[in-house]
Amino acid sequence: MAQQEPEDLLELSADTRSILEDNDLRPLWEVEEDLGNLVGDIDPDIWKWEDIQNAIDSIEDDVPIADLPPGFQRRVAVPVNTGYRNAVSNTIYLGIQTVSPGETAPSHRHGANALRFTIDGNEDMKTVVAGEEFPMLDNDLITTPQWEWHDHVNDSSETAAWLDVLDLPLVLDSLNARNTFENHELERQPVTKSRGYWESQYGRARPFEDKKEDDIPGPFQGNREATPPYRFQWSDTQEALRQRAENDEPDPHDGYSLSYVNPATGEPPLFPTMSFRAQLLQDATDPHFHNATEAYFVIEGDGVTHVGDEALEWSKRDIFLVPPDETHHHEPDDEAILLGITDRPVFEAFNFYAEAKPS
Ligand code: GTQ
């Protein structure tokens, strides 16, 4: 923001200005210059897996989780944007987390919603959420809904890595809800549920009576049905994508696309603040733009996504960002699968979502 020159301020008398300043008041025409500028320009951007891998390997060598300062206590490399230095965007936070053999990322809970998309996993790498151990197999997507206890326990002999997706910037900066964090008294929360418990309760036959009462865990109130802890196994998602590609027409913008639904409602969005798609691309998509932000994680394949004037060339495990209002389309080299991440539900909650084709 350009500094105001003294001449610009002359329209107010010295008396008026001091009355305003003494009373914590500002004239709108000056406030107006600052509004909308806390977040800088969010540019199209890409983080190549090779670089991410170097970074996560290096910090793994340098710092054991046990030595991390109090706070989240997670060993994570966080992609940041030129316009917003704490995350990829002002709504969506992505991170690449590692847990070495024998380590535990200690149990805590928070108001932010989180999910894990497994990059390097195995049966003995477990995210424990709300009393159940969820094994993290490659490309599994596991929810850690708001205010549920969670810890990440690596009982295997391999380092595990995954993509964290949280609505942290929205919660901590925009909503300024900074006091919604709590550490568990134990490093590992007790495992109180048998394997498969959470999934089993959200099947085609499910408990229905009296569920509303404790729909929203913790101190929050809301009119949305809370997302349960849940593991979307990649083998199921992959099969559904394959069936879709064999039998259906692709979406013009998203290819063969599946939305991860909130298991409690059977509908997207997965979280009130963020929605997720598995997208199988076989051909170039049509350009469009929207005011929601999209981040992508490349599950498989190579290609390029054109965003405004930029061409983001991607391969397996790269992360890239499509900022608001930028015209974009995807061009897979051959077949590719993307995880699409969007803050669209926030815009929709305010009747504020807009999408159009370039003229
Ligand atoms: O694993 O609980 O990347 O609390 C940032 C904050 C991961 C987690 C992050 C967190 C976590």
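Quick note: residue numbers are just sequence positions, from 1. What you see below is based on every heavy atom in this structure, not just the backbone, and it leaves out hydrogens, waters and symmetry mates.
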Q | Test item: E103 side-chain N/O and I65 main-chain N/O as donor-acceptor pair under 3.5 Å | A | yes
Q. Which atom pair, heavy atoms only, marks the closest approach of R277 to S259?
A. CG-OG, 4.0 Å
Q) Do the side chains of T227 and P269 get nearer than 4.5 Å, heavy atoms only? A) no
Q | Single-linkage hydrophobic cluster I92~I52, side-chain heavy atoms < 4.5 angstrom | A | yes
Q: Answer yes if W314 and I96 sit in the same cluster of Ile, Leu, Val, Met, Phe, Trp and Tyr residues linked by side chain heavy atoms under 4.5 Å apart, and no otherwise.
A: no
Q: Assign the ring pair F232 / Y260 to parallel, tilted or perpendicular, where the plane angle (0 to 90°) is split at 30° and 60°.
A: perpendicular
Q. Within the side chain of D67, is there an N or O that forms a donor-acceptor pair under 3.5 Å with the backbone of V63?
A. no
Q: Provide the closest heavy-atom pair for D251 versus H253 in the form atom of the first, atom of the second, distance.
A: OD2-N, 2.8 Å
Q: Without swapping roles, check the side chain of E133 against the backbone of K126 for a donor-acceptor pair under 3.5 Å.
A: no
Q) Should the pair R244 and Y256 be classed as cation-pi, given the thresholds of under 6.0 Å to the six-membered ring centre and 45° from the axis? A) no
Q. Of the non-hydrogen atoms in S89 and Y84, which two are nearest, and what is the gap between them?
A. O-CD2, 3.3 Å
Q. So if you build clusters from Ile, Leu, Val, Met, Phe, Trp, Tyr with side-chain heavy-atom gaps below 4.5 Å, do F271 and Y296 land together?
A. no
Q.
I'd like to check Y230 versus L270 (side-chain heavy atoms, cut-off strictly below 4.5 Å). Are they in contact?
A. no
Q: Check whether any side-chain heavy atom of Q233 sits under 4.5 Å from a side-chain heavy atom of Q238, and report yes or no.
A: no
Q: Verify the distance criterion only: is there a donor paired with an acceptor across the side chains of T127 and R116 at less than 3.5 Å?
A: no
Q.
Has N23 got a side-chain atom pairing as donor or acceptor with I19's backbone, closer than 3.5 angstrom?
A. yes
Q | Hphob cluster co-occupancy, Y93 + V165, side-chain heavy atoms under 4.5 angstrom | A | no
Q.
For the CG atom on L38, are there more than 12 heavy atoms of other groups (residues, nucleotides or ligands in this structure) within a distance under 6.0 Å?
A. no
Q | Point-to-point distance, once rounded to the nearest 0.5 Å, from CG of L168 to CG of L94 | A | 10.5 Å
Q. Quick check: does any side chain N or O of S58 sit under 3.5 Å from a backbone N or O of A55, one acting as donor and the other as acceptor?
A. no
Q) Are the side chain of R75 and the backbone of I59 linked by a donor-acceptor contact shorter than 3.5 Å? A) no
Q) Just how far is it from atom CH2 of W198 to atom CZ of F134, taken to the nearest 0.5 Å? A) 8.0 Å
(Q) Between N154 and V99 (side chain of the first, backbone of the second, donor and acceptor by atom type, cut-off under 3.5 Å), is there such a pair? (A) yes
Q) Do you reckon W234 sits in the same ILVMFWY cluster as L141, going by side-chain contacts under 4.5 Å, direct or chained? A) yes
Q. Going by distance alone, is a donor N or O of one side chain under 3.5 Å from an acceptor N or O of the other, for W49 and S315?
A. no
Q. Only one of E182, E148, H150 clears side-chain hydrogen bond (donor to acceptor under 3.5 Å, both in side chains) with R109; which?
A. E182
Q | Student check: side-chain heavy atoms of D41 and T82 closer than 4.5 Å | A | no
(Q) Looking at N81 and D43, would you say the former's side chain and the latter's main chain have a donor-acceptor pair under 3.5 Å? (A) yes
Q | Heavy-atom side-chain proximity of T91 to P169 below 4.5 angstrom | A | no
Q. Would you say D309 has more than 12 foreign heavy atoms packed within less than 6.0 Å of its CG?
A. no
**Q.** Derivation of the side-chain contact (heavy atoms from CB on, under 4.5 Å) call for T159 and I56
**A.** CA-CA 11 Å; T159 292; I56 59 176; over 6 Å; no
(Q) More than 12 heavy atoms of other residues, nucleotides or ligands under 6.0 Å from CG of D61: yes or no? (A) yes
Q) So do F220 and T180 actually touch side chain to side chain, heavy atoms under 4.5 Å? A) yes
(Q) If you compare all heavy atoms of P332 against all heavy atoms of L281, which two are closest, and at what distance to 0.1 Å? (A) CG-CB, 3.8 Å
**Q.** Donor-acceptor contact below 3.5 Å, side chain K48 vs main chain E313
**A.** yes
(Q) For a quick check under 3.5 Å, do D124 and S156 share a side-chain donor-acceptor pair by atom type? (A) no
Q) In Å, rounded to the nearest 0.5 Å, how long is the span from CG of D45 to CD1 of I319? A) 10.5 Å
Check residues 282-293 and write down every donor-acceptor pair under 3.5 Å in which the side-chain atom is one partner and the other belongs to a residue at least two apart or another chain.
residue : atom : partner : partner atom : Å
Q282    : NE2  : E335    : OE1          : 2.9
T285    : OG1  : H330    : N            : 2.8
H288    : ND1  : E355    : OE2          : 3.3
H288    : NE2  : H328    : NE2          : 3.4
H290    : ND1  : A292    : O            : 3.1
H290    : NE2  : E294    : OE1          : 3.4
H290    : NE2  : H328    : NE2          : 3.4
N291    : OD1  : A354    : N            : 3.0
N291    : ND2  : F352    : O            : 2.6

**Q.** Straight-line distance of R242 CZ to E246 CD, nearest 0.5 Å
**A.** 7.0 Å
Q) Are any of the side-chain heavy atoms of L339 and L163 separated by less than 4.5 Å? A) yes
Q) Are R74 and D164 ion-paired here, with the side-chain N under 4.0 Å from a carboxylate O? A) no
**Q.** Side-chain donor or acceptor of D318 paired with backbone N/O of V298 under 3.5 Å
**A.** no
Q. How far apart are the closest heavy atoms of I42 and V88, and which atoms are they?
A. CG2-O, 4.0 Å
Q) Is any side-chain heavy atom of I46 less than 4.5 Å from a side-chain heavy atom of E310? A) no
Q) How far apart are the closest heavy atoms of N262 and P228, and which atoms are they? A) OD1-CD, 3.4 Å
Q) Atom CH2 of W47 and atom CZ of F320: how far apart are they, to the nearest 0.5 Å? A) 11.0 Å
